[in-house]
There are 2 protein chains.
Amino acid sequence: MASKQSGKKSEGSDKVGTICRALRRAIIEQALEPGAKLPEDALGERFGVSRTIARHALGQLAAEGLVELRRNRIAVVATPSWQEARDAFDIRIELERLVVRQLAGRLSKSQIATLKAHVDAEDAARNGPDAVSIRLATEFHILLAQMTNSPILVRYVSEVAYRCCLTLSMFSRPHSSECAINEHRQLIAALAAGDEAKVMGLMHTHLDSVANRALVTPVPPRGRDLLDILAPYAADEDDEKNAAKPAKAVRLRAAAAE
Amino acid sequence: MASKQSGKKSEGSDKVGTICRALRRAIIEQALEPGAKLPEDALGERFGVSRTIARHALGQLAAEGLVELRRNRIAVVATPSWQEARDAFDIRIELERLVVRQLAGRLSKSQIATLKAHVDAEDAARNGPDAVSIRLATEFHILLAQMTNSPILVRYVSEVAYRCCLTLSMFSRPHSSECAINEHRQLIAALAAGDEAKVMGLMHTHLDSVANRALVTPVPPRGRDLLDILAPYAADEDDEKNAAKPAKAVRLRAAAAE
DNA sequence: CCTCAAAAAAGTGCATGCAATTGAGGCGCA
DNA sequence: TGCGCCTCAATTGCATGCACTTTTTTGAGG
C-alpha cells in the first residue's frame, strides 16, 4: 500500500473531488448502473486512497442525490423512482428556463461559437457509443448554465442534470438523441436572436420531450464488476481524450443477479 | 482518549446529520454569521465527536453552499456576494412557483390547518427575537415544499431557502417581516381556493419583495466566540423545545418514510 | 518603536486500527 | 425439503496519530 507515486509532497490534490468526478462520469455514462454497489474499500483501492477519502466522496455524491447511503450497508448508486425522475425533470425545466432567460441576446460571438462547436461534437459522436452521446448532451446544458456566470445556477443545473441522466439508466431504452441535437441547434439560434420567449419555450419543449422519451419503462440491470467498470475512470481525465472511446475494454463478468 | 462513555452500543447515531442540523440552525438564526470560523477541533469537541465526523459534516454543509472550505484553512460560514444572493433568490422564486403550482387546489383540510397554525406561530413570535421570526418564515416555505411529497423538490427548496437566509445575515438590517406574515396568509388562501395562476403570482411577488427588502447593504459582523454561540445548539433539538416556542405546527409527516 | 525572520502553535489532510453491525453460509431439526 | 439459529467473514462507524501547511508569536536588529 501507500504507493505514493507522485513523489511530490504538496500536490494540489483534492482527492475527494477527483473521486467524485470519476464516479459522476461513470454514472452518467451508465457504466455504473442504479443499484450498483460502491464499497468504500474497493473505491479507495481503485483510486489509491484510504477509506476515509472514499467515504467522504460518497458523502458528497449522496448529497447530490447520485448515491444512496444506508447506515452500516454498502453504498449504492441511487435508484430513483419513476415519480422522482419526473420531479427531477420538472425542476430541471424551470431551472433551465431561467438559464436561457438570462442568456437570451446576451451571448458573445465566441460563446455562440463554443456552443456550436459543442453541438458539432455531439453530432460527430452520434454513431459512437450511447454513453458518450448522453454525456455530451448533458454537458451542453451545463455549458449553457456556466455562461450565466452564476455559480449557484451552475451547481443546481449540473446536479439536476446528472440526476436526470441517472434516470435514463433506469427507465430509458436504446436511446435516440438525434433529434435532441437539432433542438440544441434551434436553441442556439434563438439565443443568438435574443428571442427570450421563444428560447424559453424551446427549452421547455426540449426537456419535456427528453423526459417523455426517457421515462418509459424499467430496464434490467447488467451486473458487472466494480473494479473493471471503474478502470477507465481512475485516470481523472477532466476533458475528452479517452472520452470518445471510453467504455469498451470492459469484460462482462456475470455477477449474480442482485 | 477513548472517553467513549456512550454506554449504549447501537444508538441510531447519525452524528454527522446531527451536527449539520445544529449548524444549519445556528446559521439561519444568525448566531453564526457569514465568515465565522468553524475549526474542526472546536466543532468536534462541542458535539462530542472526533474531527473526522466534524470534518464530514463540514463537507456536507459545503455541498449545500452554507460553508466555505478552503484547503488547509479553517472552514468558514459562507459569505455570498450580493450577486450570488440575488441569483439564489431568482432560483428560489422559480422553485417555489413550482411548489405552489403543484399544490394549488390539492391541499387537504388538515394540511391547510397545519399551514395556518404555522403562520399563527409566526405571528406569535413576531415580538420575539428576530432569529426566531426568520427561522419560522423560512420553515413555512419548507413546509409547503414538503407537502408536494417530492423529496427532490424539498431538498432544493430547503437548500436555497437556507442560502437566502444566509444572505439576510449579510445584507439585511433589523428585519421587518410582519408584512411577510400577511403574504403567507394570502398564499394559503389562494392555495385553498385552487387558483393556480394567482398563487404563482403571489409567491413571485412575495419572494421578490423579500429579496428586495433583504438585499440592501452590508451589515458589520459582531464577532463572538464559537463555543459560546454553539452552546444552545449542541442539544440537537430537531423540533421545537428550546426555540422560543416555534409552533406545534411544524409537525408534518411526509408520506411514506421509504 | 517598528520591521522582518525564524520558531512555536494551531489546524488541516489523510491513513490506519479497532469495535460494532450486517449478510451469508452452514447446521440441526422438524 | 424447508425453516430457524448460529457463526463468521465482509464492511461500515469512528477515533486517533502523524505529516504537512498556515498562522501567530517572538525576538533581534535597525
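Letters A, B, ... are given to chains in the order of the sequence lines, protein chains preceding strands, and every chain is numbered from 1.
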Do [X] and [Y] have side chains that approach each other closer than 4.5 Å (heavy atoms only, starting at C-beta)?
{"X": "B:Val160", "Y": "B:Phe89", "answer": "no"}
{"X": "A:Val77", "Y": "A:Glu33", "answer": "no"}
{"X": "B:Leu43", "Y": "B:Leu23", "answer": "yes"}
{"X": "B:Thr52", "Y": "B:Arg55", "answer": "no"}

Let me know the distance between [atom1] of [X] and [atom2] of [N], rounded to the nearest Å.
{"X": "A:Asn72", "N": "C:dT22", "atom1": "CG", "atom2": "C1'", "value": "7 Å"}
{"X": "B:Asp41", "N": "D:dT16", "atom1": "CG", "atom2": "P", "value": "12 Å"}
{"X": "A:His56", "N": "D:dC14", "atom1": "NE2", "atom2": "P", "value": "14 Å"}
{"X": "A:Ile19", "N": "C:dG13", "atom1": "CD1", "atom2": "P", "value": "15 Å"}
{"X": "A:Glu40", "N": "C:dT22", "atom1": "CD", "atom2": "P", "value": "15 Å"}
{"X": "B:Arg51", "N": "D:dG17", "atom1": "CZ", "atom2": "P", "value": "12 Å"}
{"X": "B:Asp14", "N": "C:dA20", "atom1": "CG", "atom2": "P", "value": "19 Å"}
{"X": "B:Phe47", "N": "D:dC14", "atom1": "CZ", "atom2": "C1'", "value": "17 Å"}

Considering only [options], which nucleotide approaches the side chain of [X] most closely?
{"X": "B:Ile74", "options": "D:dG17, C:dA15, C:dG11", "value": "C:dG11"}
{"X": "B:Lys15", "options": "C:dC14, D:dA15, D:dT12", "value": "D:dA15"}
{"X": "A:Thr52", "options": "C:dT12, D:dG13, C:dA15", "value": "C:dA15"}
{"X": "A:Ser50", "options": "C:dT12, D:dA15, C:dA15", "value": "C:dA15"}

**Request:** Please determine if a side-chain N or O atom of B:Arg55 lies less than 4.0 Å away from the OP1 or OP2 oxygen of C:dG13.
**Result:** yes
**Message:** Is the phosphate of C:dG23 approached by A:Arg73 (side-chain N or O, under 4.0 Å from OP1 or OP2)?
**Reply:** yes
**Request:** Please round to the nearest 0.5 Å and tell me the distance separating atom CG of B:Leu61 and atom CZ of B:Arg24.
**Result:** 6.0 Å
